[in-house]
Chemist: 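Pasting a structure below so you can have a look.
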Amino acid sequence: MCLQSLTLLIMFTLFYSHAFALKKSYIVYLGSHAHPSTLLSQAHLDRVAHSHRTFLASFSGSHQSAEEAIFYSYKRHINGFAAVLDDKEASEIAKHPNVVSIFLNKGRKLHTTHSWDFMLLEKHGVVHKSSLWKKARFGEDTIIANLDTGVWPESKSFSDEGYGDVPARWKGSCHGDVPCNRKLIGAKYFNKGYLAYAKFPSNSTFETPRDLDGHGTHTLSTAGGNFVPGANVFGLGNGTASGGSPKARVASYKVCWPPFKGAECFDADILAAIDAAIGDGVDVISASVGGDAGDYMNDGMSIGSFIAVKNGVTVVCSAGNSGPKPGTVSNVAPWIITVGASSMDREFQAFVELSNGSRFEGTSLSTPLPENKMYDLISAADGKAANASALQALLCKKDSLDPEKVKGKIVVCLRGDNARVDKGHQAAIAGAVGMILCNDKASGNEIISDAHVLPASQIDYKDGEAVFSYLNSTKDPKGYITAPNTKLNTKPAPFMASFSSRGPNTITPGILKPDITAPGVNVVAAYTEATGPTDIESDNRRTPFNVESGTSMSCPHISGIVGLLKTLRPQWSPAAIRSAIMTTSRTRDNTRKPMVDATFHKATPFGYGAGHVQPNKASHPGLVYDLNTGDYLDFLCAIGYENKLVQLFADDPLYTCRQGANLLDFNYPSITVPKLTDSVTITRKLTNVGPPSTYRSYFRAPLGVEVSVEPKLLTFSNVGEEKMFQMTLGATSEKALGYVFGELTWTDSRHYVRTPIVVQLSS
């Protein structure tokens with residue numbers, strides 16, 4: 001090539017790259033579609049896509065440029081498109097009167113702690129060989145969708161043995177490399193948002209709904225996996241595994257891909273998946289993904305879940321893994337069921353023994369040490385490489401350990417910053433024979449079982465301090481790690497996981513989030529066989545089941561329970577199902593004391609929401625706090641959205657913001673009053689879903705708050721009957737500033753309809 005031609009090519013490439021770099025991927029939301037399902041022919045869908053191109057062409061200059069820019073056209077239930085735009089185009093589109101919102105195609109993370117930082121159905125988990133199971137026929141009429149990393153179809157959890165025909169209402173399908181059966185009835189992938197953000201071309205890795213990560217298989221099987229006898233993880237936790245709705249049909253919608261700049265799942269793909277799932281006919285959408293909470297109109301999960309709920313689909317999302325810091329909860333839209341994570345009464349114990357006779361309970365799924373003897377112990381900080389800091393070494397980060405110092409020894413590492421399994425991997429690379437992983441202060445008593453690549457045990461903060469003290473005071477420290485074993489009936493349980501994101505809700509402080517908590521620590525469920533249990537490239541082990549932790553794991557527990565309730569109570573709305581789950585939950589552990597957090601301090605509704613789920617009781621709550629689409633639109637008006645925008649959001653030109661719409665009167669199954677200075681009166685409406693009965697109110701007033709309820713008795717004669725009540729909350733003269741907590745319970749001595757009260761006292 002001549003020099004002139006090469007120069008021109010370089011100039012063109014630089015110009016093109018610069019121009020492309022100025023463009024970003026956006027989502028343009030135009031509201032929901034009003035067309036009935038009978039009109040969803042391909043020709044009709046093509047006309048919808050054409051209308052989107054025509055709309056964008058009015059800004060970009062031509063149909064061709066619009067067609068090149070649009071990479072998703074949301075045509076079925078969500079009305080809008082995703083496109084690559086420059087800032088000027090985005091700014092002009094935002095001014096159009098028919099546009100609800102335009103926002104960047106944001107990235108989100110999976111909510112498992114495996115990368116960063118089934119229920120064994122005896123009485124350990126949430127369903128206690130459940131009478132609810134039998135009543136709900138194991139969820140056989142329900143279709144559960146999972147938005148995640150895909151599915152491993154060969155898992156026994158997705159066997160269709162004993163299943164009848166696929167429901168006639170199902171319109172979904174499976175991509176070619178994932179075989180459908182009568183259990184796993186759908187598998188699709190959505191990657192265009194991810195690729196548009198990452199700005200690199202697709203390949204076979206991004207063109208499959210197969211789970212190459214493990215997260216999607218784990219969460220889907222937790223929600224709806226079939227019964228699998230003899231499930232275990234390297235011989236531990238042996239039992240019969242199943243999902244919450246073991247006979248439900250399941251479908252996988254792959255929206256999450258390998259991390260790019262810290263993000264794995266993008267809003268454009270999430271919206272496309274939700275639009276498809278609604279059209280396919282799912283009953284429940286389980287989404288173990290999230291990001292920073294944001295404006296409801298500029299959030300793909302918020303918008304997609306609203307349209308799903310409007311169409312009768314219950315949406316369950318994880319609260320996030322950014323705890324215990326306050327105000328970190330995500331997926332806070334009031335039409336979503338938001339799930340925190342707590343422990344269960346089963347542990348995989350691996351004890352740490354020191355030569356001074358001390359013995360500390362830890363946890364692990366790793367192989368035992370090669371010999372039954374005491375080994376030399378070394379603090380990772382003392383084993384640091386020459387070019388590493390003491391802190392880097394203490395955290396056992398990459399290339400921070402000196403093989404000459406740690407070879408053949410048990411290395412003591414500190415939890416935090418990098419993945420737990422990576423710490424063990426770095427120790428193994430340096431030649432260590434084992435690892436003791438000590439919790440940092442924030443993690444407290446929360447210890448997580450991992451299938452480390454070398455013999456290991458994770459111990460709590462207090463015990464970790466004792467181990468470090470021993471190292472610092474002993475000339476020739478030695479220790480041992482026992483082989484892991486399964487222990488049941490551990491106490492206290494449940495307690496809140498330290499990683500579980502906490503309230504208050506930073507977007508709408510008057511709505512308590514999370515709503516509920518469920519098992520999310522050391523959960524056994526199905527796993528992909530495309531990678532090892534640590535997801536480390538050199539880990540050649542394969543296991544059909546694995547243990548993972550995170551709100552990613554607690555979310556599908558609730559999704560499975562929703563599936564049971566959908567089968568048992570098909571007439572219940574998504575809001576009624578959430579109310580039943582929340583108002584029947586518990587806030588005491590198996591020692592009959594108030595639930596605690598990972599530091600064993602008393603937990604609050606900012607961690608557990610209404611409490612820890614009790615599935616059997618959720619099937620007969622007595623009364624529910626119900627909500628419909630109109631109530632959610634009133635909510636949007638109450639928090640300040642203009643009437644025209646709400647009309648567009650709902651695609652209802654006749655909707656008018658209800659005069660006097662007040663967030664305090666939003667019929668949510670929790671009561672939250674931010675910035676109380678004097679007194680307020682809130683209104684709620686209860687719907688009877690049980691037998692005729694009379695309910696009396698009882699309350700535990702928050703500290704510094706006077707509470708009264710009128711009327712004190714509510715009598716219901718028929719199913720579906722509604723009754724109103726009012727609660728007045730006033731600050732006392734002895735008030736203390738800050739958040740205080742209480743609860744309201746309506747009971748007929750058979751049902752206990754409990755609602756958390758959260759008040760922020762302000763000067």
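We're numbering straight along the sequence, starting at 1.
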Chemist: Could you measure the distance from the CZ atom of Arg586 to the CZ atom of Arg754? Nearest 0.5 Å is fine.
Modeler: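 Atom-to-atom, Arg586:CZ and Arg754:CZ are 11.0 Å apart.
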Chemist: Looking at Cys256 and Cys265, is the distance between their SG atoms under 2.5 Å?
Modeler: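 Answer is yes, sulfur atoms closer than 2.5 Å.
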Chemist: Between the side chains of Asn505 and Thr508, is a donor N or O closer than 3.5 angstrom to an acceptor N or O?
Modeler: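 On atom types as modelled, these side chains do not qualify, holding no pair under 3.5 Å.
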Chemist: Under a 4.0 Å N-O cut-off, is there an ion pair linking Asp460 with Lys462?
Modeler: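 Answer for the salt bridge query: no.
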Chemist: Is there a donor-acceptor contact under 3.5 Å linking the side chains of Ser559 and Ser286?
Modeler: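 Yes, a side-chain donor-acceptor pair sits under 3.5 Å.
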Chemist: Hey, which of Asp299, Asp269, Asp292 is the one that makes salt bridge (charged side-chain N to carboxylate O under 4.0 Å, His left out) with Arg108?
Modeler: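 So, applying the salt bridge (charged side-chain N to carboxylate O under 4.0 Å, His left out) to Arg108 and each of Asp299, Asp269, Asp292, only Asp299 qualifies.
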Chemist: Would you check if Ile511 and Lys513 make a side-chain contact, meaning some heavy-atom pair closer than 4.5 Å?
Modeler: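 Yes, at least one pair of side-chain atoms sits under 4.5 Å.
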Chemist: Donor-acceptor pair, Thr551 side chain versus Gly320 backbone, under 3.5 Å?
Modeler: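 The answer is yes, because a donor-acceptor pair under 3.5 Å joins these two groups.
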Chemist: Is any side-chain heavy atom of Leu395 less than 4.5 Å from a side-chain heavy atom of Asn418?
Modeler: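 Yes, close enough: below the 4.5 Å cut-off.
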Chemist: Dump the intermediate steps for disulfide bond (SG atoms under 2.5 Å apart) on Cys396 and Cys413, then the final yes or no.
Modeler: CA-CA 6 Å; Cys396 292; Cys413 304; 1.9 Å; yes
Chemist: Assess the side chains of Ser342 and His612: does a donor N or O sit below 3.5 Å from an acceptor N or O?
Modeler: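 A donor-acceptor contact under 3.5 Å links the two side chains.
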Chemist: To the nearest 0.5 Å, what is the distance between OG (Ser364) and CG (Leu454)?
Modeler: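 If I round to the nearest 0.5 Å, the distance is 8.5 Å.
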Chemist: Can you tell me how far CG of Asp345 sits from CG of Leu488, rounded to the nearest 0.5 angstrom?
Modeler: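 Going from CG on Leu488 over to CG on Asp345, the span is 7.5 Å.
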Chemist: Check the pair Phe495, Phe600 against ring-ring contact (aromatic ring centres under 6.0 Å, His included), reporting the backbone distance first and the verdict last.
Modeler: CA-CA 8 Å; Phe495 64 80; Phe600 285 180; 5.5 Å; yes
Chemist: Thinking salt bridges, do Asp450 and Arg420 make one under a 4.0 Å N-O criterion?
Modeler: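 Arg420 and Asp450: salt-bridged.
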Chemist: For the residue pair Ile671 and Val758, establish whether any side-chain heavy-atom pair is separated by less than 4.5 Å.
Modeler: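 In short, these two side chains do not touch, never coming nearer than 4.5 Å.
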Chemist: Consider only side-chain N and O atoms of Asp515 and Tyr668, and report whether a donor and an acceptor are under 3.5 Å apart.
Modeler: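 Asp515 vs Tyr668: donor-acceptor pair found between side chains.
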Chemist: Give a yes-or-no answer on whether the side chains of Thr591 and Lys491 include a donor-acceptor pair shorter than 3.5 Å.
Modeler: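 Their side chains do not contain a donor-acceptor pair, so the 3.5 Å distance test is not met.
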Chemist: Do Asn439 and Gln458 have a side chain donor and acceptor closer than 3.5 Å?
Modeler: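 The criterion, which ignores hydrogens and geometry beyond distance, is satisfied for Gln458 and Asn439.
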Chemist: May I ask you to say whether Arg542 pairs ionically with Glu529, meaning some side-chain N is under 4.0 Å from a carboxylate O?
Modeler: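 No.
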Chemist: Can you tell me how the ring of Trp257 sits relative to the ring of Tyr194, calling it parallel under 30°, perpendicular over 60° and tilted otherwise?
Modeler: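 Correct class here is tilted.
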Chemist: Donor-acceptor check, side chain of Ser288 to backbone of Ser318, threshold 3.5 angstrom: yes or no?
Modeler: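 No; judged by distance alone, with no hydrogens or angles, the pair does not exist.
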Chemist: Determine, using ring centers only, whether Tyr527 and Phe545 are less than 6.0 Å apart.
Modeler: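 Aromatic pair excluded; centres sit 6.0 Å or further apart.
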Chemist: How are the rings of Phe266 and Tyr197 set relative to one another: parallel (under 30°), tilted (30 to 60°) or perpendicular (over 60°)?
Modeler: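 Plane angle between 30° and 60°, so tilted.
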Chemist: Verify whether one side chain among Thr338 and Asn331 offers a donor that lies under 3.5 Å from an acceptor in the other.
Modeler: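 Judged by distance alone, the side chains do not pair up.
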Chemist: For the aromatic rings, using the six-membered ring if either is Trp, is the centroid distance between Phe741 and Phe606 under 6.0 Å?
Modeler: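 So the answer is yes for these two rings.
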